[in-house]
Amino acid sequence: QVQLVESGGGLVQAGGSLRLSCAASGSTWNKYIIGWVRQAPGKERELAAAIRWSGGSTYYADFARGRFTISRDRAKATVYLQIESLRPEDTAVYFCAAASDKGVGVMVDEYDYWGQGTQVTVSS
């Protein structure tokens, strides 16, 4: 199993940037794909980006490509999501989640373990 704790959310003006952190722990934390999933009010959860602990390959949703950067620090067991040029439509709760690395990790339904989420609010 893996435990995930997010941090780094907050209130940001449009055009600003933010870095979210996801600290992983547990006996097998390095055998997963870690994804950042967001959920805006009244909308379904959508996967923004994912990274495979083993090898570091990444995936970005179309809306995230170019402004979002996912990375990992293996020594700190932490995954980051850097978001640039924030827009009001980026306002959402951002969850860190883990999926088995036997899968592809591009669908929200693949993710079995979830953090508590961190709120990102972008003001116009």
Side-chain angles (χ1 to χ4, degrees):
Q1 285 197 354
V2 60
Q3 292 80 45
L4 305 167
V5 178
E6 304 96 332
S7 61
L11 175 62
V12 184
Q13 286 191 334
S17 61
L18 209 58
R19 189 176 80 160
L20 307 181
S21 299
C22 171
S25 62
S27 59
T28 57
W29 59 266
N30 59 345
K31 297 187 185 300
Y32 289 89
I33 299 168
I34 303 297
W36 283 99
V37 177
R38 71 181 188 181
Q39 186 167 26
K43 295 188 177 181
E44 293 187 354
R45 293 184 177 185
E46 55 181 359
L47 178 67
I51 188 166
R52 192 178 293 268
W53 272 118
S54 174
S57 59
T58 58
Y59 162 83
Y60 293 95
D62 287 343
F63 72 82
R65 201 167 289 119
R67 293 193 301 120
F68 291 43
T69 303
I70 191 168
S71 62
R72 77 195 195 297
D73 184 326
R74 298 180 72 174
K76 295 182 178 179
T78 299
V79 172
Y80 304 99
L81 185 69
Q82 180 76 31
I83 311 174
E84 306 288 346
S85 303
L86 279 156
R87 305 165 180 169
E89 53 264 40
D90 293 321
T91 294
V93 178
Y94 284 72
F95 296 91
C96 176
S100 169
D101 66 358
K102 294 181 174 59
V104 182
V106 300
M107 302 292 290
V108 173
D109 289 347
E110 295 182 71
Y111 289 82
D112 296 317
Y113 302 99
W114 294 78
Q116 81 287 353
T118 186
Q119 176 70 47
V120 172
T121 302
V122 184
S123 62
S124 57

Does [X] share a hydrophobic cluster with [Y], counting links as ILVMFWY side-chain heavy atoms below 4.5 Å and allowing steps through other members?
{"X": "Ile34", "Y": "Met107", "answer": "no"}
{"X": "Val79", "Y": "Phe95", "answer": "no"}
{"X": "Leu81", "Y": "Val93", "answer": "no"}
{"X": "Tyr32", "Y": "Trp36", "answer": "yes"}

Spatial distance of atom [atom1] ([X]) from atom [atom2] ([Y]) [nearest 0.5 Å]:
{"X": "Leu18", "Y": "Leu11", "atom1": "CG", "atom2": "CG", "result": "10.0 Å"}
{"X": "Ser124", "Y": "Gln13", "atom1": "OG", "atom2": "CD", "result": "9.5 Å"}
{"X": "Ile70", "Y": "Ile83", "atom1": "CD1", "atom2": "CD1", "result": "10.5 Å"}
{"X": "Glu110", "Y": "Lys102", "atom1": "CD", "atom2": "NZ", "result": "13.0 Å"}
{"X": "Thr58", "Y": "Phe68", "atom1": "OG1", "atom2": "CZ", "result": "14.0 Å"}
{"X": "Tyr113", "Y": "Leu4", "atom1": "OH", "atom2": "CG", "result": "10.0 Å"}

Would you indicate whether the side-chain heavy atoms of [Y] and [X] approach each other to under 4.5 Å?
{"X": "Tyr111", "Y": "Ile33", "result": "yes"}
{"X": "Trp114", "Y": "Cys96", "result": "no"}
{"X": "Phe63", "Y": "Glu46", "result": "yes"}

Treating [X] as the side-chain partner and [Y] as the backbone partner, does any N or O pair qualify as donor plus acceptor under 3.5 Å?
{"X": "Thr91", "Y": "Val122", "result": "yes"}
{"X": "Glu6", "Y": "Gly117", "result": "yes"}
{"X": "Arg19", "Y": "Tyr80", "result": "no"}
{"X": "Gln39", "Y": "Ala92", "result": "no"}
{"X": "Arg72", "Y": "Trp53", "result": "yes"}

Could you report the tightest heavy-atom contact between [X] and [Y], atom names first, then the distance?
{"X": "Ser85", "Y": "Asp90", "answer": "O-OD2, 4.4 Å"}
{"X": "Ala24", "Y": "Val2", "answer": "CB-CG2, 4.2 Å"}
{"X": "Leu47", "Y": "Ala61", "answer": "O-CB, 3.2 Å"}

### Task
Kindly indicate whether a cation-pi arrangement holds for Arg65 with Tyr60, taking the cut-offs as under 6.0 Å to the six-membered ring centre and within 45° of the axis.
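Ring-cation test returns no.
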
- Task: Check the surroundings of atom CD in Glu84: do more than 12 heavy atoms from other residues, nucleotides or ligands lie under 6.0 Å from it?
- Result: yes

Fill in: Exceeds 12 heavy-atom contacts within 6.0 angstrom, atom CD of Gln116
yes

Steps toward side-chain contact (heavy atoms from CB on, under 4.5 Å) verdict (Glu44, Val108): CA-CA 10 Å; Glu44 293 187 354; Val108 173; over 6 Å; no

